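Since the model is a prediction, treat every value here as computed from it, not as a measurement. These numbers come from the heavy atoms of this one structure, side chains and all, not from hydrogens, waters or symmetry mates. Convention: sequence-line order gives letters A, B, ...; per-chain numbering from 1.
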2 protein chains.
Amino acid sequence: MNLNQRTYLLVTGASRGIGRHVAQQLACQITAAASIVVLLGRNESQLQETKMSIMSARPELVVHTYSLELATANEADFARILDDSLAGKDLAELQLERAIVIHNAGTLGDTSKHARELGDIELLKQYYQINLFSTLALNREFMRVFAELPKLVVNLSTLAAIQPIKSMAYYCSVKASREMYFRVLAAEEPANKTLVLNYAPGVIDTQMTLQVQNESHDESVANLFKTTRESQKMLKPEQTAQKLIAVLQAQNFQSGDHVDFNDQ
Amino acid sequence: MNLNQRTYLLVTGASRGIGRHVAQQLACQITAAASIVVLLGRNESQLQETKMSIMSARPELVVHTYSLELATANEADFARILDDSLAGKDLAELQLERAIVIHNAGTLGDTSKHARELGDIELLKQYYQINLFSTLALNREFMRVFAELPKLVVNLSTLAAIQPIKSMAYYCSVKASREMYFRVLAAEEPANKTLVLNYAPGVIDTQMTLQVQNESHDESVANLFKTTRESQKMLKPEQTAQKLIAVLQAQNFQSGDHVDFNDQ
């Protein structure tokens with residue numbers, strides 16, 4: 001991953017947690033001035049914090065923030081955001097050489113429900129809109145706008161995408177579909193033009209793991225998260241962000257592969 | 001699988017193809033009179049054909065048909081169908097001893113599209129409604145109504161649920177999520193009360209494989225289906241139905257496993 005090139009970097013869920021740390025660490029390694037960093041997230045003031053930490057370290061970057069709700073965002077919103085972030089200029093004029101998207105945003109779903117209790121169609125539509133459909137809509141726009149540039153597409157995946165976990169029927173199933181979508185994308189696109197990575201970040205000390213611990217209907221799962229947290233064996237978001245960047249730098253994976261924090 | 005017990009059997013997509021053959025073959029092995037067979041599908045006249053072929057072989061069964069569009073069906077529709085099929089009686093009164101559901105219905109999605117082109121949110125909602133959300137809504141109702149009985153839950157899966165195939169981003173991703181949902185269900189439910197199987201039927205001579213061959217944007221995939229069909233190496237729906245029933249009879253799988261036609 002040559003970060004000396006003039007880069008367009010887009011990170012979703014960049015207001016906090018893993019997304020914020022990936023955005024910060026990756027942006028700080030981009031050396032080409034006038035590279036563009038785009039931060040998407042729900043909370044504008046937290047996005048501003050992410051932006052400020054990047055700007056203070058790398059004032060020569062152009063950083064945009066866009067707050068939006070993925071539950072209601074549509075195709076036009078993503079088109080508008082990408083368009084706005086390029087300030088109406090074309091890629092040649094901006095001298096962009098590489099584009100990176102980190103699809104990080106996601107929600108856990110209701111872990112108080114057993115799999116047998118899932119089936120509220122409106123709730124499912126909304127959950128899949130946030131975690132899958134909006135990701136695909138954004139990715140389509142990204143692939144279209146940067147068709148001519150070498151692209152790196154990272155899907156923040158999870159162990160739960162490849163292994164069933166009690167009380168996580170929502171999360172496991174949507175993450176499985178999302179990972180499979182990116183595997184098909186990788187199969188279809190030449191890796192030298194579009195390199196795809198499904199990265200599983202490990203068990204991280206975030207709001208999401210706290211939610212599992214507090215709300216899971218399965219005592220063994222709730223306890224596992226609780227004891228992992230209490231014994232301070234949970235990873236910090238900055239640790240997994242660091243590992244992700246190391247994986248991207250080493251690039252010893254095939255396009256579409258699932259790589260876990262604990263691999264190697 | 002003891003089909004001498006008085007059984008409730010529900011099959012979706014029973015108007016044709018695999019669903020019809022599974023319904024026919026399984027129903028014909030149910031020996032207990034007054035067992036109930038419920039056939040769901042889009043086409044009422046084709047459902048009647050399936051029903052007639054079952055009734056002529058097994059006149060002592062009670063066979064119901066319900067035509068509905070999964071694109072618009074909701075939770076209430078499934079509740080109404082199950083309720084109607086039990087004629088307002090409770091399980092004890094009907095002396096039911098076992099319940100089986102075969103989640104077979106499904107659609108291919110648009111294989112003329114590359115993965116990078118997916119992202120029309122309304123289309124995605126509709127596709128997931130037909131192939132995932134309606135399955136979960138029906139399964140929830142099935143699990144609720146038959147909570148007290150030993151249950152067998154079969155998900156018609158596919159190789160494409162575990163392996164990316166070019167031009168099949170819709171199908172691969174929704175089938176991956178559906179399979180993962182049933183794996184979580186299996187993890188949560190005791191196998192002696194709810195046994196779950198993800199069955200991949202192989203490459204079958206059906207409308208769906210014809211559609212791949214005619215519409216896939218990927219020439220190698222279209223050609224593979226074409227030459228497999230022309231060399232008569234495609235399986236017939238009745239063959240895979242037979243194999244599925246053999247797998248269920250032998251029951252040498254763990255609840256939640258993915259079993260392929262070609263396994264063993």
Side-chain angles (χ1 to χ4, degrees), chain A residues 73-75 78 114-125 127-129 132-144 147 151 153 160-189 194 196 217-218 256, chain B residues 73-75 78 114-125 127-129 132-144 147 151 153 160-189 194 196 217-218 256:
Chain A
N74 61 30
E75 300 91 326
F78 297 119
H114 289 76
R116 66 171 182 266
E117 298 171 293
L118 267 57
D120 181 317
I121 292 175
E122 281 311 312
L123 276 185
L124 285 162
K125 274 187 187 160
Y127 185 70
Y128 271 73
Q129 153 84 20
L132 182 69
F133 307 153
S134 66
T135 306
L136 271 55
L138 171 61
N139 197 62
R140 178 172 70 173
E141 198 58 21
F142 177 83
M143 294 295 291
R144 188 185 65 74
K151 290 172 288 301
V153 176
I162 58 173
Q163 190 176 295
I165 300 174
K166 289 177 186 180
S167 79
M168 295 199 185
Y170 277 108
Y171 192 66
C172 288
S173 69
V174 88
K175 285 293 199 176
S177 64
R178 197 164 131 162
E179 170 141 341
M180 179 55 90
Y181 163 79
F182 284 106
R183 290 175 69 194
V184 177
L185 182 74
E188 288 181 354
E189 306 295 324
T194 304
V196 180
H217 69 73
D218 189 90
Chain B
N74 62 29
E75 298 90 326
F78 297 119
H114 289 77
R116 66 170 182 268
E117 298 171 293
L118 267 59
D120 181 317
I121 292 175
E122 281 311 310
L123 276 186
L124 285 162
K125 273 186 187 160
Y127 185 71
Y128 272 72
Q129 153 84 21
L132 182 69
F133 307 153
S134 66
T135 307
L136 270 56
L138 171 60
N139 197 63
R140 177 172 71 174
E141 197 59 20
F142 178 84
M143 295 295 291
R144 188 184 66 73
K151 291 172 288 300
V153 176
I162 58 172
Q163 191 176 295
I165 300 174
K166 288 177 188 182
S167 79
M168 295 199 185
Y170 277 109
Y171 193 66
C172 288
S173 69
V174 87
K175 286 293 200 176
S177 64
R178 196 163 132 163
E179 169 141 342
M180 179 54 90
Y181 164 78
F182 284 106
R183 289 175 69 194
V184 178
L185 182 73
E188 289 180 355
E189 305 295 323
T194 304
V196 180
H217 69 74
D218 189 88

* In terms of ring plane angle, is the pair B:F133 and A:Y128 parallel, tilted or perpendicular, where the classes change at 30° and 60°? -> perpendicular
What part of [X] gets closer than 4.5 Å to chain A, counting heavy atoms only: side chain, backbone, both or neither?
X      : result
B:L138 : neither
B:A186 : neither
B:A161 : backbone

Can you tell me which of [options] forms the most heavy-atom pairs within a distance under 4.5 Å of chain A?
options                : result
B:L118, B:N139, B:L185 : B:L118
B:K125, B:M143, B:R144 : B:K125
B:V174, B:T194, B:D120 : B:D120

* Sub-4.5 Å side-chain heavy-atom contact between B:L132 and A:L124 -> no
* Minimal non-hydrogen separation, A:G119 against B:A137, with atom names -> O-CB, 3.5 Å
* To do: Could you pull out the closest heavy-atom pair between A:Y181 and B:A115, with the gap in Å?
  => OH-O, 2.9 Å
Distance from [X] atom [atom1] to [Y] atom [atom2], nearest 0.5 Å?
X      : Y      : atom1 : atom2 : answer
A:S177 : B:Y170 : OG    : OH    : 13.5 Å
A:E141 : B:R116 : CD    : CZ    : 14.0 Å
B:K175 : A:M180 : NZ    : CE    : 12.0 Å

* Asked: What residue among A:E179, A:E188, A:R183 forms side-chain contact (heavy atoms from CB on, under 4.5 Å) with B:P164?
  -> A:R183
* Output the option from A:V153, A:N74, A:T135, A:L136 having the highest count of non-hydrogen pairs under 4.5 Å with chain B. => A:L136
* **Atom group of A:I162 that falls short of 4.5 Å from chain B, counting heavy atoms** => backbone
* To do: Tell me, for A:A160 versus chain B, whether the close heavy atoms (under 4.5 Å) come from the side chain, the backbone, both or neither.
  => backbone
* To do: Assess whether side-chain contact (heavy atoms from CB on, under 4.5 Å) is satisfied between B:V184 and A:M168, documenting all intermediate values.
  => CA-CA 7 Å; B:V184 178; A:M168 295 199 185; 5.8 Å; no
